[in-house]
There are 2 protein chains.
Amino acid sequence: MSLQKLIGSLQKHIALSAQEQELLSDFLVFKIIKKRQFLLHEGQIAREVAFVVSGCLRSYSIDQNGFEHILQFAPTGWWITDMYSFISQQQTHLTIDALMDTEVYLLSRENQLILFDKIPKLERYFRIVTENSLVGSRQRLIDNLSLTASQRYGIFCNTYPTLIHDIPQKLIAAYIGVTPEFLSKLKNGGAKTKKS
Amino acid sequence: MSLQKLIGSLQKHIALSAQEQELLSDFLVFKIIKKRQFLLHEGQIAREVAFVVSGCLRSYSIDQNGFEHILQFAPTGWWITDMYSFISQQQTHLTIDALMDTEVYLLSRENQLILFDKIPKLERYFRIVTENSLVGSRQRLIDNLSLTASQRYGIFCNTYPTLIHDIPQKLIAAYIGVTPEFLSKLKNGGAKTKKS
DNA sequence: CCCATTTCTTAACCTGGGTTATTGTAAATG
DNA sequence: CATTTACAATAACCCAGGTTAAGAAATGGG
C-alpha cells in the first residue's frame, strides 16, 4: 500500500510502533490530484501539508507583472505546503498545482498539532524535516545571490535529475530565475553572440 | 538578569516551570562577542546556535570573487547559526561575526538534543522557531526573484528598522543583493541619468 | 588631535539577462 | 486528423544593475 512510502520516510528519522502508525493513518487523507489541477490557490488558506507518493507538485507565486516564480518542486517523497499560510492560517500568496497526475497524503494543521501531543516523535520528525527545508531554502538564496544563471541551471540539474526531461523547460526557467528565452540561449547559443 | 530575555522568548510559545528553566540554564553558555570578532569561521563546524541578548550578529557567505552575501542579521531576540553545519556537523561555508559588541547565549547541538529528550516542550519551541525561519527565508527568495533592488531596500527598512542607522550601508547592499555603488545611486540619484 | 583606514558618493562606461517579435513544432482537444 | 493551444528557438534591441576609478566624508585608534 502507498502508505508505506510515507512510513518509510518517517522511519529514516524516528521509530513508530504499529499502533502509532495506525493512529497516524487515521489522521491522513489520501488524494489524487490530476495534472494541472490545484491543491492550493492564491487567497485560500493552506489547511494541509501534502506528502507526495507519486507524481510531482510545485509551489509558486505570481508577481505584479504576472510572472510565475517557482519556490519548490515536490516529487515523490517530498512534503509541500505554503508554510506561511499553514502555520498562521492566514491567506496564502502562493499557488500549488500538479505537473502530472499525483498521489498525496494530506495532513491538516489541526490534526498535525493533535498528533504532536499524542506522538511526540512526530513533532521530532517534522522538526527535522523543517530544519532540512530551511537548509535548502538558505542555500538557494545564496545561490541566487552569488551564482550566474548558467551555474544555477547546473545546480537544478543535480537537485532534480528526474525532472529535467519530464517537465517543460519554461518551468525550469521560472525556478532558476530567468526568462525561458534566456534559458534557451544558455543551452544552445551558450556564450558567444559577438563576431567570431 | 539577561537570561530573562531568552526565557521571555520561550514563554511566547511554551510554558516552562522553574525547574525546567534551571535545567535549561545549565546547558547554556553566556558569551560576549566584541565588534568585528567571529563566532564562526568558514571551514569550522557550527557546534552551537546563538541567542542574541543585545547587539547584533550577521551570517554571510563569500563567493568565488570575494564578495560577501549576507544571509541573516540577528539583533536582540534572534537565533543564529549555520543550520546546515549545525545539524550535519559538517564544515560550514558561512561566517558569523559581530557588527557591534554583542551578548549571546550559546547552546550546543549536543546539549540541544539532550534537552529535547528531557524537556519535549523545548523541541516544540525550536520546531516553531524553525518553521518561522523557513517562512522568512522563502519569502526572501520570492522577493529576490520578483522585486527590484529599490523595492527590496524598502522591505529591508521595514524588516530591520533598528539597523538602518546603526550599520554601514555596504552591509545593507550585501543583504539586498546589490553593490554599494548601486545602492548609493538608488538612495540619491533615484531614477534619472538621462538628459532632462 | 591628527593621520590612516574605511565608507560613501558620483560618473562614465559595460554586460548579463530581459523584451518583443517571428517562426517552427509538438501536444492536447474536438 | 484538423485545429487550437502550448512550447522552444532565434534574433535584434533594451535596461537594471555591475565595474572601474577617483575624490569627499566619516570613523577610529594612538
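Every chain is numbered from 1, with letters handed out A, B, ... down the list of sequences. Predicted model, so just to flag it, every value in this text is computed and none were measured.
What separates CG of A/L186 from C1' of D/dA9 is a distance of 13 Å, to the nearest Å. Taking atom CG of A/L183 as the reference point, atom P of C/dT19 lies 15 Å away to the nearest angstrom. Distance B/D101 CG to D/dG28 P: 11 Å, rounded to the nearest Å. Per the geometry, CG belonging to A/N65 stands 19 Å off P belonging to C/dG17, to the nearest Å. Rounded to an integer number of Å, the gap from A/N144 CG to C/dG17 P is 11 Å. Protein atom CD of A/E68 is 12 Å distant from nucleotide atom P of D/dA6, rounded to whole Å. The OH-C1' distance, from B/Y153 to C/dC8, rounds to 13 Å in whole Å.
Of all nucleotides listed (D/dA9, C/dT19, D/dG17), D/dA9 comes nearest to the side chain of A/S184.
Partners of A/D97 under the salt bridge (charged side-chain N to carboxylate O under 4.0 Å, His left out) rule, at least two apart in sequence or in another chain, are A/R58. Evaluation of the ring pair (Phe, Tyr, Trp, His ring centres under 6.0 Å) rule for A/F51 yields A/W79 as partners, not counting sequence neighbours. For A/L147, the side-chain contact (heavy atoms from CB on, under 4.5 Å) criterion is met by A/D143, A/Q151, A/R152, A/I155, B/Q64, not counting sequence neighbours. B/T162 pairs by the side-chain contact (heavy atoms from CB on, under 4.5 Å) definition with nothing, not counting sequence neighbours. Legend: residues meeting salt bridge (charged side-chain N to carboxylate O under 4.0 Å, His left out) with B/K121, ordered by chain and number and at least two apart, are B/E20. By the side-chain contact (heavy atoms from CB on, under 4.5 Å) test, B/N158 is found to be paired with no residue, residues two or more places apart in sequence or in another chain being considered.
A/S133 places a side-chain N or O within donor-acceptor distance of the main-chain N or O of A/V129, the cut-off being under 3.5 Å.
Pairs of residues two or more places apart, or lying in two chains, never qualify as salt bridge (Lys or Arg N to Asp or Glu O under 4.0 Å) while including a residue from residues 165-183 of chain A. For residues 169-188 of chain A, the ring-ring contact (aromatic ring centres under 6.0 Å, His included) pairs, not counting sequence neighbours, are A/F73-A/Y175, A/F156-A/Y175, A/Y160-A/Y175.
Applying a 4.0 Å cut-off to non-hydrogen atoms, the residues of residues 159-182 of chain A that approach DNA chain C are A/G177, A/V178, A/T179, A/E181, A/F182, listed by residue number.
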At a cut-off of 3.5 Å, list every protein nitrogen or oxygen paired with a nitrogen or oxygen from nucleotides 22-30 of chain C, distance to 0.1 Å.
none

Please tabulate, for the side chains in residues 42-50 of chain B, all donor-acceptor contacts under 3.5 angstrom to protein atoms that are two or more places apart in sequence or on a different chain.
from, atom 1, to, atom 2, distance (Å)
B/Q44, OE1, B/H41, N, 2.8
B/R47, NH1, B/Q89, OE1, 3.2

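Donor-acceptor pairing under 3.5 Å, judged by distance alone, is present between the side chain of B/K185 and the base of D/dG18.
For the helix from C/dC1-D/dG30 to C/dG30-D/dC1, the terminal axes (five pairs an end, C1' atoms, rotation from four pairs onto the next four) enclose an angle of 60°, given to 10 degrees.
Contact annotation: A/N188 does not reach the phosphate of D/dA8 (side-chain N/O to OP1 or OP2, under 4.0 Å).
The hydrophobic cluster containing B/V53 also contains B/I7, counting ILVMFWY residues as joined when their side-chain heavy atoms lie under 4.5 angstrom apart, directly or transitively.
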